[in-house]
Each structure stands twice: as structure tokens, then as C-alpha cells.
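Scroll down for the structure; my scribbles are underneath it.
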Amino acid sequence: MSILEARGVTVRFGGLTALSDVSVTVEPGTVHGIIGPNGAGKTTLFNVICGFTRPTEGSLLVRGEPLRNHKPHHLARLGIARTLQGLGLFEHSTVLDNVLVGADRHARTGALGALFGRGAREETALRERAVEVLTTLGVEKWANALPGALPYGLRKRVALARALVSEPDLLMLDEPAAGLSESERTELVDLIGGLRESMAVVLVEHHMDLVMTVCDRITVLNFGRVIASGPPAAVQADPDVAEAYLGAAP
Ligand SMILES: Nc1ncnc2c1ncn2[C@@H]1O[C@H](COP(=O)(O)OP(=O)(O)OP(=O)(O)O)[C@@H](O)[C@H]1O
Ligand SMILES: [Mg+2]
């Protein structure tokens, strides 16, 4: 069964159709790229999946179940985590505390937890888990630093750690490589590639090269429509895709 399915999603902003009858199916344990030139509708689709934007038509299914009245604060209990374009870190909290914010999904399990707040033992377990994720991402040294003290590439890792600490089944990334150096991008590709063992990843990217190396499946949008979808090699060989990218003058 798919982890996520968008069925015939259309989004209109006034007279502008940002997405038109878009269908995407994300299988568990795969990295699924959503690519397309500027203004193609990638972020709009991302926002629909995250519950920020309500589709004008169409529906979303998570593990085969249709979502009703989908909102961003439902994501955690659906087992979905996200990072946004940019960082979204709390600048006055330490790196570790920023990551702990992402652990809410576990903290809120059970009625007792909701009534009495986190127990001390649970708090300790959460911190251990957060440190573990920071270690996996190579930023544990900065656990007690403020995010502002870190270079941009490392701050991006902290944002990723925050998403990973909830142990999602689906991780949504919007342009994770934006602002990264060449070598940081290579590291990111390795990192994302390694995630598919434990979760599905939806990767929204402007850049073809990164997506081609790391994705199992790719959906290409142009002017709000799906113009191609399939494995990277097939998508890369598709003349419509080449034309969309050539036509998109910077
Ligand atoms: N809130 C909004 N209100 C009106 N129009 C919008 C809104 N959000 C997006 N759009 C329009 O919808 C279209 C798709 O935009 P979107 O941001 O989804 O593209 P994108 O593929 O993410 O582009 P980029 O590569 O530049 O990030 C664009 O024409 C954009 O101007
Ligand atoms: Mg965008």
C-alpha cells in the first residue's frame, strides 16, 4: 500500500491554476522527487500535502485512508515530518531544544502523557533520542549551541534532525539543497539515500542533478500539470521534460 497518494489535485488561486489534476503516489521506502521549473507548482503541492493549502478539487490519502479537513498539526500523528524552504529554527533555543520540538509526536502518545505532561523518564529518553539523531547527522558537538552560531549547512542539518527525531514514515523536504555548497550537496544526497531504509521521502527540488542521483521515482510538473513520471532515467530521456527545462529561461 502507498504511504501517500494525491488524487486529481487541483489548486486555484483566484484566476490562476497553480495545480491541475495532479496525481502522485509515494511508495514506502522510496525517495520520490517532485521537480519542475520555477512556478511549476512544486511548493503548492508540498503545501497541499502538509495541510497548509486546501485543494480546490481532488483528495489526499495516507496509507490508503482519505484525509478530511487536513491541517498541518495533523501531520505528526499521521507519521509525516517536514522541513520547509529555509530553516525555521528557534534562534533563542539551543540546537538540542530545537530538535526536541520535533519529538512532540512521541511525547503526546497516551492519555496520561497528555494529562500530566512528560514524565522525567520520558524526557530523558527523548533527549537521548535527540542526541542520537544529532550524532547521526554529525552535529552533536553543537547540541548546546544556539543555531545562529553554526554555518548554514550545519543549521540545515539541525532542521533535518528536528524532522527525523519524530521517526516519521514519510519525510517531506522542500528544496533541502538550497544555499548549500557543492560538497554539502553531495553529503545531503548520501544522507537522503540512507533514509529510505526507514522511511519514504518526498523531495521537492528545482535542480535536476540532485534529484536524478537520489530518487527512485520522479514526478515532473510544468505549469501545474504532471508532464512526466517514472524512474530517473525514463524521466531524463523524456522530450517533454527537456523542453520544459529548456523553455524555462532563468
Ligand atoms: N498563495 C498564492 N496566491 C496566488 N498565487 C500563488 C500562491 N502560491 C503560489 N502561487 C502561484 O502558483 C504558481 C505555482 O507556484 P509554486 O510556488 O507552487 O511554484 P514552484 O514550483 O514551487 O516554484 P519555485 O521553483 O520558484 O519554488 C505560480 O504561478 C505562483 O505565482
Ligand atoms: Mg517552490
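Order of appearance sets the numbers: ligands from 1, and atoms from 1 within every ligand.
Which of H206, E175, R12 comes nearest to atom 27 (O) of ligand 1 through a heavy atom is settled by distance: it is E175. Counting heavy atoms only, T44 comes closest to atom 18 (O) of ligand 1 of the residues V11, L19, L221, T44.
Between R155 and P147, the closest heavy-atom pair is CD-O, 3.0 Å. The shortest non-hydrogen separation linking L164 to R129 is O-NH2, 3.4 Å. Residues H70 and I49 come closest through the heavy atom pair NE2-O, 2.7 Å. Smallest separation of non-hydrogen atoms from E5 and T25: CG-OG1, 3.7 Å.
Looking only at side-chain heavy atoms (C-beta outward), T213 and D209 stay at 4.5 Å or farther from each other.
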Report task. Test side-chain contact (heavy atoms from CB on, under 4.5 Å) on T43 and D174 and set out the steps. Result -> CA-CA 7 Å; T43 298; D174 193 5; 3.4 Å; yes
Report task. Take R7 and S59 through the side chain to side chain donor-acceptor pair (under 3.5 Å) test and state the conclusion after the steps. Result -> CA-CA 5 Å; R7 265 192 205 164; S59 55; 5.4 Å; no
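None of the N, O or S atoms belonging to T44 lies under 2.8 Å away from the Mg ion (ligand 2).
Contact analysis puts G41 in contact with ligand 1, with a non-hydrogen atom separation below 4.0 angstrom.
In summary, the atoms of ligand 1 found under 4.0 Å from a heavy atom of A40, numbered by their order in the structure, are 19 (O), 20 (P), 21 (O).
Ligand 1 has a nitrogen or oxygen under 3.5 angstrom from a nitrogen or oxygen of G39. Backbone and side-chain nitrogen or oxygen atoms of F13 are examined, and none is located within less than 3.5 angstrom of a nitrogen or oxygen of ligand 1.
For K42, heavy-atom contacts with ligand 1 shorter than 4.0 Å involve the backbone as well as the side chain. The side chain of L16, and not its backbone, has at least one atom closer than 4.0 Å to an atom of ligand 1 (non-hydrogen atoms only; side chain from C-beta on).
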